[in-house]
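Any value given below was found using the heavy atoms of this structure, including those in side chains, with hydrogens, waters and symmetry copies removed. For clarity, every value in this text was computed on a predicted model and none was experimentally measured. Start at 1 with the first residue, then count along the sequence.
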Amino acid sequence: MSDAGEFIDLSLQREASWRRAEQLQARLETEPAGSGLRFYGTSVGAVRGTVRDAGRRYPGLSRDEVTALSSELWGSALGGSGPGAAPVFERRLAAVVLLQANVKLLTNSDLTRLEGFIRQARVRDLVDPLAVDVVGPLVDGLDVLARVRADSVLDRWVREPDAWLRRAALLSPLLALRAGAGDWDRFLRHANEVLGEPGGTFDADGTAVRDAVSRVQAEMAKWRPELQFTSIGE
């Protein structure tokens, strides 16, 4: 484990609470990947504070160092596949916060790593901030050529069988749309594609995708009521 990774992990454990861990487990075990996680019981505020402390303790991390540390935190606490090697929710959340804080360092090629995280996460508490606060700002910060390539990646996510990748693609433009920018027509195309016709390919995938569409609709109703959701052919 790297020095920064060890510092973050030990700090998270010092802030642990067995009662909070039990509450988290009870809430998240209903998610597809929730039952495969371990929990320290560290509060979200403490996770964010730990990542800030790590940034002060290890300043000037490069893109490669940030992405390597995020992968280290994302993996199991002990490594390997033996007992106790299950990934820890708070470590994964710390990886998300680390990427949020350093999103300006990320490039188009980092979408591959983020795709892997989303495929493995499969809980809203991790997928949603990755999509909204990392993938979206990353793509919005790219130059024209890199943006075209990134958009093609998101187009592929929308067509993936994995509902969580489709959810991430739908939620990724949320900050830009809320701020008065973003491409509403593109979101509509994606939303209509993943929702499909009743009984269609994507309709039986449960609530992960439909909930993402509903969330964006609710946000736009609040912040940009002039944007209307329209179905294919309308």
Quick check for you: to the nearest 0.5 Å, what is the distance between [X] atom [atom1] and [Y] atom [atom2]?
X	Y	atom1	atom2	result
Asp110	Thr107	CG	OG1	4.0 Å
Arg186	Leu177	CZ	CG	11.0 Å
Ile118	Arg166	CD1	CZ	13.0 Å
Leu175	Asp140	CG	CG	8.5 Å
Tyr58	Glu65	OH	CD	11.5 Å
Leu73	Met1	CG	CE	8.0 Å

Hey, is [X] close enough to [Y] for a salt bridge, meaning N to O under 4.0 Å?
X	Y	answer
Glu160	Arg156	yes
Asp151	Arg147	yes
Arg167	Asp162	no

Please check if atom CZ in Arg19 has more than 12 non-hydrogen atoms from other residues, nucleotides or ligands closer than 6.0 Å.
->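 It does not: Arg19 CZ has 12 such atoms or fewer within range.
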
Could you walk me through whether Asp9 and Tyr40 pass the side chain to side chain contact (heavy atoms under 4.5 Å, CB included) test, one step at a time?
-> CA-CA 10 Å; Asp9 186 56; Tyr40 288 159; 2.7 Å; yes

Heavy-atom pair of closest approach, residues [X] and [Y]:
X	Y	answer
Phe7	Thr50	CE2-O, 4.1 Å
Val127	Trp164	CG2-CE3, 3.7 Å
Ala208	Ala163	CB-CB, 4.4 Å
Ser172	Leu154	OG-CD1, 3.8 Å
Ala95	Ser70	CB-O, 3.5 Å
Gly41	Arg20	O-NH1, 2.5 Å

Residues which pass salt bridge (charged side-chain N to carboxylate O under 4.0 Å, His left out) with Arg224, listed by chain and number, not counting sequence neighbours =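 Partners of Arg224 under the salt bridge (charged side-chain N to carboxylate O under 4.0 Å, His left out) test: Glu226.
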
Contacts of Arg27 meeting salt bridge (charged side-chain N to carboxylate O under 4.0 Å, His left out) (sequence neighbours excluded), chain-then-number -> Asp125

Which one of Thr42, Leu12, Leu37 satisfies the side-chain contact (heavy atoms from CB on, under 4.5 Å) criterion with Arg91?
-> Leu12

Qualifying residue for side-chain contact (heavy atoms from CB on, under 4.5 Å) with Leu98, from Thr67, Val51, Val103 = Val51

Please step through side chain to side chain contact (heavy atoms under 4.5 Å, CB included) for the pair Arg189 and Glu193, ending with a clear verdict.
-> CA-CA 6 Å; Arg189 289 195 300 272; Glu193 185 173 353; 5.9 Å; no

Using a 3.5 Å distance criterion without hydrogens, assess whether the side chain of [X] forms a donor-acceptor pair with backbone atoms of [Y].
X	Y	result
Ser71	Ala68	no
Trp157	Leu170	no
Glu15	Ala46	no

Please report the C-alpha distance between Leu188 and Asp185 in whole Å, then the side-chain angles of each, then the deciding distance to 0.1 Å, and finally whether the side chain to side chain contact (heavy atoms under 4.5 Å, CB included) criterion is met.
-> CA-CA 5 Å; Leu188 291 179; Asp185 289 338; 4.3 Å; yes

For Arg149, which residues count as a side chain to side chain contact (heavy atoms under 4.5 Å, CB included) partner, sequence neighbours excluded?
->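 Side chain to side chain contact (heavy atoms under 4.5 Å, CB included) list for Arg149, sorted by chain: Asn108, Leu145.
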
Cluster check Val44, Val96: I/L/V/M/F/W/Y, side chain < 4.5 angstrom | yes

Following the transitive rule for hydrophobic clusters with a side-chain heavy-atom cut-off under 4.5 Å over Ile, Leu, Val, Met, Phe, Trp and Tyr, establish whether Leu69 and Leu10 coincide in one cluster.
-> no

Do [X] and [Y] have side chains that get closer than 4.5 Å, going by heavy atoms?
X	Y	answer
Phe187	Leu174	no
Leu61	Asn102	no
Leu114	Leu99	yes

Would you sort out whether Arg210 and Thr207 count as a side chain to side chain donor-acceptor pair (under 3.5 Å), showing the intermediate values?
-> CA-CA 5 Å; Arg210 291 191 294 274; Thr207 62; over 6 Å; no

Verdict with supporting geometry, Arg63 and Ser109, side chain to side chain donor-acceptor pair (under 3.5 Å) | CA-CA 11 Å; Arg63 168 186 167 270; Ser109 62; 3.1 Å; yes

Whether Phe117 and Trp74 hold their rings parallel, tilted or perpendicular, with breakpoints at 30° and 60° =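 Parallel, since the angle between the ring planes stays under 30°.
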
